[in-house]
Amino acid sequence: MRLAEVVATSAVVASTRSRKAKVAALAQALARAEPDEIETVTAYLSGALRQRRVGVGWRSLMELPEPAGSPSLGVAEVHDRLEEISRFTGAGSQAARSAAVAELFGRATAEEQSWLRGAITGELRQGASDALVQDAVAAAAGVTVAQVRRAAMFAGATLPVAVAALSGGAAALAEFRLQVGRPVLPMLASSAPDLDGAWEKLGGGRAPLAVDHKLDGIRIQAHKDGDRVLLVTRSLEDITDRLPDVVAVVRALPAERVVLDGEALALGPDGRPRPFQETASLTSTGATAAAAVPRPGAITPYFFDLLLRDDADLLDAPASERWRHLEELVPTAQRVPRLLTDDAEAARAFLAGAIAAGQEGVVVKSTDAPYAAGRRGSAWVKVKPVHTLDLVVLAVERGSGRRRGWLSNIHLGARDPETGGFVMLGKTFKGMTDEMLAWQTERFEELATERDDWVVHVRPEQVVEIAFDGIQRSTRYPGGVALRFARVLRYRDDKTAGEADTIDTVRSFLTAG
DNA sequence: GTTCGGATCTC
DNA sequence: ATCGTAG
DNA sequence: CTACGATGAGATCCGAAC
């Protein structure tokens with residue numbers, strides 16, 4: 001198949017908001033793919049490449065060669081070229097990479113160039129990605145969407161499933177099942193503003209619910225097959241070599257085969273969790289580096305679910321049954337603290353205990369739900385305490401895409417009583433309704449002092465109430481601290497900038513946790 | 001050898 | 001990661 | 001209820017420039 005066909009399909013998909021029309025266009029293109037191109041075409045229709053990383057980003061694609069007059073690129077050839085580009089390493093690799101990129105783009109038409117750029121940077125914005133392509137695979141192969149999704153959950157990816165569906169139909173899809181050593185997409189949680197909200201979402205405690213500590217580390221899925229251990233992250237990246245401590249724990253479990261879900265984090269000498277930054281740092285340096293450098297604490301795993309034990313596939317079993325196996329197999333010290341209760345009061349106390357222990361919050365779980373891999377199901381509801389501050393807007397960035405024409409991303413400052421000025425702490429674009437965007441665009445145009453292509457600086461007069469999850473140490477911002485997951489709650493016209501929170505108040509969150 | 005920018009991963 | 005919008 | 005899109009901070013790794 002020619003790349004031009006994919007590009008034309010992408011244009012059709014982007015031009016309509018109707019999901020049915022998007023799926024129909026994607027299915028038509030899929031049906032035209034040659035058997036040996038199905039993986040590439042499926043990936044490209046979802047706007048993704050098959051390479052996990054190419055080593056080329058938006059910056060390298062700012063300047064492109066003259067586009068070709070007519071299309072000539074084939075889909076398979078593009079994939080081969082990108083594979084070569086992704087493999088360059090060592091001195092001179094950047095030059096070789098950029099020469100190869102120029103060569104590839106020089107053979108693309110203007111439309112193909114812009115599609116390629118979008119696919120490489122992940123900013124195609126055609127309003128369809130994996131989920132709609134799965135629908136299209138089902139339509140093109142004459143199978144149900146549920147069959148495709150189920151297979152994709154076991155495969156941890158859509159591409160092999162597309163190949164199976166289009167070449168072998170429903171029978172081929174039925175071959176996919178949970179296997180040790182083959183990562184599945186992790187189940188995700190929805191969220192609630194507080195414990196009562198979570199309680200209500202899960203039926204108000206008519207049946208007992210589980211309340212798990214929510215640990216602030218990185219998600220790990222552990223596979224054990226005899227002595228062999230595989231650890232993957234939430235995005236299914238293999239991190240086995242970076243977590244030798246966790247590998248040892250998993251290898252020692254008294255089962256031949258096991259698949260576990262959990263969280264790994266760094267502990268201090270006092271047994272309390274270290275800040276997330278430390279966990280991230282320790283898990284991203286390799287095993288040798290970590291062993292060579294004195295560490296304040298090892299990376300410790302805490303498991304909260306068990307998907308497979310020896311020959312029992314427990315994905316569809318009720319949570320209570322999975323947890324029973326988990327408790328039999330994994331020592332308490334390596335399990336996430338959990339309370340089973342039908343009493344909201346007890347659950348609130350458990351949440352308070354989690355916070356006091358330095359954890360992030362809790363996840364409330366139904367005891368009878370199956371493990372819904374890859375879905376943000378309603379069977380798990382997370383609750384994290386929210387902090388708020390009244391900050392001052394220092395500047396605004398121009399929006400793009402859907403927010404083009406609006407002033408969107410605001411720069412946030414805290415008051416500095418010593419200088420009488422303001423210290424920047426971060427930015428946010430979250431929590432703004434279209435109505436707020438319209439209002440703030442007008443407001444900040446009024447307050448504008450200087451403007452460039454991207455940023456409009458404003459007089460520091462507008463106070464905004466910001467919600468956030470916590471404070472991190474920062475080398476980027478002058479105050480030495482930054483907000484984690486800041487979002488706008490509301491603009492405050494009842495407060496002046498002189499009444500905004502101070503940088504000292506912000507810093508006090510660092511020690512208070 | 002040190003510093004800086006880009007890419008890619010975590011949350 | 002969070003959040004708002006649209007289907 | 002689900003999927004999508006617009007974007008946040010920090011850390012490391014690698015290569016290039018100084």
Side-chain angles (χ1 to χ4, degrees), chain A residues 16-22 46-47 51-62 86 88-98 120-135 149 188-191 201 214-220 233-237 239 242 263-265 275-286 289 360 375-378 382 384 386 397 399-404 406 408-412 425-437 466-477 481-489:
Chain A
T16 173
R17 290 200 303 205
S18 154
R19 285 203 205 173
K20 279 185 179 171
K22 285 177 195 279
S46 73
Q51 288 76 22
R52 182 163 197 125
R53 66 184 78 188
V54 184
V56 178
W58 64 274
R59 197 62 199 252
S60 323
L61 299 174
M62 297 251 283
S86 72
F88 288 121
T89 55
S93 61
Q94 280 185 21
R97 191 174 280 134
S98 83
I120 291 173
T121 58
E123 290 171 351
L124 203 56
R125 315 219 185 293
Q126 58 180 9
S129 68
D130 224 35
L132 293 196
V133 171
Q134 287 175 345
D135 282 18
R149 285 205 204 285
L188 305 173
S190 61
S191 61
K201 265 189 163 180
K214 185 177 191 311
L215 311 184
D216 192 11
I218 67 162
R219 186 81 176 264
I220 48 165
T233 63
R234 182 185 140 138
S235 67
L236 308 189
E237 187 169 20
I239 53 163
R242 295 186 230 154
E263 193 87 3
L265 72 165
F276 173 75
Q277 283 161 304
E278 249 173 72
T279 292
S281 171
L282 283 167
T283 52
S284 54
T285 50
E360 214 185 359
R375 327 284 305 172
R376 197 174 289 284
S378 48
K382 60 186 164 189
K384 300 193 262 184
V386 174
E397 295 178 11
S400 69
R402 193 181 173 280
R403 291 193 176 184
R404 177 175 298 277
W406 276 328
S408 171
N409 198 0
I410 57 177
H411 295 195
L412 304 167
L425 292 174
K427 309 184 210 180
T428 186
F429 59 91
K430 294 178 184 127
M432 294 155 182
T433 62
D434 286 2
E435 195 184 351
M436 285 167 85
L437 283 162
I466 296 293
F468 61 99
D469 281 13
I471 299 287
Q472 301 171 279
R473 292 188 191 285
S474 171
T475 51
R476 175 179 309 191
Y477 291 112
V481 289
L483 303 178
R484 193 170 179 202
F485 306 137
R487 59 264 190 195
V488 171
L489 289 181

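Every chain is numbered from 1, with letters handed out A, B, ... down the list of sequences.
- Taking the nucleotide of DNA chain B with the nearest heavy atom to each of F276(A) and Q94(A), the more 5' of the two is matched to Q94(A).
- Contact check on D216(A) versus R484(A) returns a salt bridge, with a Lys/Arg side-chain nitrogen under 4.0 Å from an Asp/Glu carboxylate oxygen.
- Regarding K22(A), its NZ atom lies at a distance of 13 Å from the P atom of dA6(C), rounded to whole Å.
- No contact: A467(A) has no heavy atom under 4.0 Å from any strand.
- From the 5' end on, the contacts that DNA chain B makes with chain A at under 4.0 Å to a non-hydrogen atom open and close at dG6(B) to dC11(B).
- With DNA chain C read from its 5' end, the first of the two nearest nucleotides for K384(A) and S18(A) is the one closest to K384(A).
- In this model, a donor atom of one side chain and an acceptor atom of the other lie less than 3.5 Å apart for R403(A) and S408(A).
- Using a 4.0 Å heavy-atom criterion, one finds that V488(A) contacts no nucleic acid atom at all.
- Residue contacts for S474(A): at a heavy-atom cut-off of 4.0 Å it reaches the sugar-phosphate backbone alone, with no base atom in range.
- When each of dG7(C), dT7(D), dG10(D) is scored by its nearest atom to the side-chain atoms of R19(A), the top-ranked nucleotide is dG7(C).
- Separating the CZ atom of R403(A) from the C1' atom of dG8(D) is a distance of 12 Å, rounded to the nearest angstrom.
- The side chain of N409(A) approaches dT7(D) more closely than any other nucleotide in the set dC4(D), dT7(D), dA16(D).
- Residue F429(A) is the one, among E435(A) and F429(A), whose nearest nucleotide of DNA chain C lies closer to the 5' end (criterion: closest heavy atom).
- The closest side-chain donor-acceptor pair between R52(A) and S235(A) falls under 3.5 angstrom.
- Distance check, rounded to the nearest 0.5 Å: CD of Q472(A) to CZ of F485(A) gives 7.5 Å.
- Inter-residue side-chain proximity for D135(A) and K20(A) is flagged as unmet; no heavy-atom pair is nearer than 4.5 Å.
- At the phosphate of dC1(D), neither OP1 nor OP2 sits under 4.0 Å from any side-chain N or O atom of K201(A).
- Between E397(A) atom CD and dT7(D) atom C1' the separation is 9 Å, expressed in whole Å.
- For S93(A), counting side-chain heavy atoms from C-beta on, the closest listed nucleotide (dG15(D), dG10(D), dC4(D)) is dG15(D).
- A482(A) comes within contact range of the sugar-phosphate backbone alone, with a heavy-atom separation under 4.0 Å but no base atom that close.
- Proximity of K427(A) to the phosphate of dG8(D): a side-chain N or O atom is located under 4.0 Å from OP1 or OP2.
- When the nucleotides dA11(D), dG7(C), dT7(D) are ranked by their closest atom to the side chain of R17(A), dG7(C) comes out on top.
- Atom CZ in F468(A) sits 9.0 Å away from atom CG in L425(A) (nearest 0.5 Å).
- The only member of T279(A), I220(A), T283(A), L282(A) that meets side chain to side chain contact (heavy atoms under 4.5 Å, CB included) when paired with L265(A) is T279(A).
- Rounding to whole angstrom units, CH2 of residue W406(A) and P of dT7(D) are separated by 11 Å.
- Using a 4.0 Å heavy-atom distance criterion, S191(A) is classed as making no nucleic acid contact.
- No contact: S378(A) has no heavy atom under 4.0 Å from any strand.
- One atom, CZ of R473(A), and another, C1' of dA11(D), lie 16 Å apart when rounded to the nearest Å.
- Of the candidates dG8(D), dA3(D), dA9(D), the closest approach to any side-chain atom of A131(A) belongs to dA3(D).
- Within the 4.0 angstrom heavy-atom criterion, only backbone atoms of the sugar-phosphate kind lie near T433(A); the bases stay farther away.
- Taking only side-chain nitrogens and oxygens, S129(A) comes nearer than 4.0 Å to OP1 or OP2 of dC4(D).
- For K430(A) and dG8(D), the NZ to P distance is 8 Å, given to the nearest whole Å.
- Remark: Q277(A) is in phosphate contact with dA11(D), judged by side-chain N or O atoms under 4.0 Å from OP1 or OP2.
- Atom-to-atom, CZ of R97(A) to P of dC14(D) comes out at 12 Å; the value is rounded to the nearest Å.
- For dC3(C), one of the phosphate oxygens OP1 or OP2 lies less than 4.0 angstrom from a side-chain nitrogen or oxygen of R487(A).
- Separation of atoms OG (S86(A)) and CZ (R97(A)) is listed at 8.0 Å; rounding is to 0.5 Å.
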Query raised in the report: Checking side-chain contact (heavy atoms from CB on, under 4.5 Å) for the pair K201(A)/S190(A): CA distance, chi angles, key distance, verdict?
Result: CA-CA 10 Å; K201(A) 265 189 163 180; S190(A) 61; 3.4 Å; yes
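- Residue-level contact check: K214(A) touches neither bases nor backbone, having no heavy atom under 4.0 Å from any strand.
- Comparing dA3(D), dT7(D), dA6(C) by their closest approach to the side chain of R149(A) singles out dA3(D).
- Of the listed nucleotides (dT12(D), dG8(D), dA3(D)), dA3(D) has the atom at the smallest distance from the side chain of L132(A).
- In this model, the phosphate group of dG10(D) is approached by a side-chain N or O of R476(A) to a distance below 4.0 Å at OP1 or OP2.
- Looking at heavy-atom distances under 4.0 Å, Q134(A) makes no contact with the nucleic acid at all.
- Listed here is the closest heavy atom pair of M432(A) and V488(A): CE-CG2, 3.9 Å.
- Atoms CG (L188(A)) and C1' (dT2(C)) sit 14 Å apart, rounded to a whole Å.
- If you check dT2(C), dG10(D), dT7(D) against the side chain of F485(A), the one that comes closest is dT2(C).
- Among the protein residues, E237(A) comes within range of the sugar-phosphate backbone only, with heavy atoms under 4.0 Å from sugar or phosphate atoms but none that close to a base.
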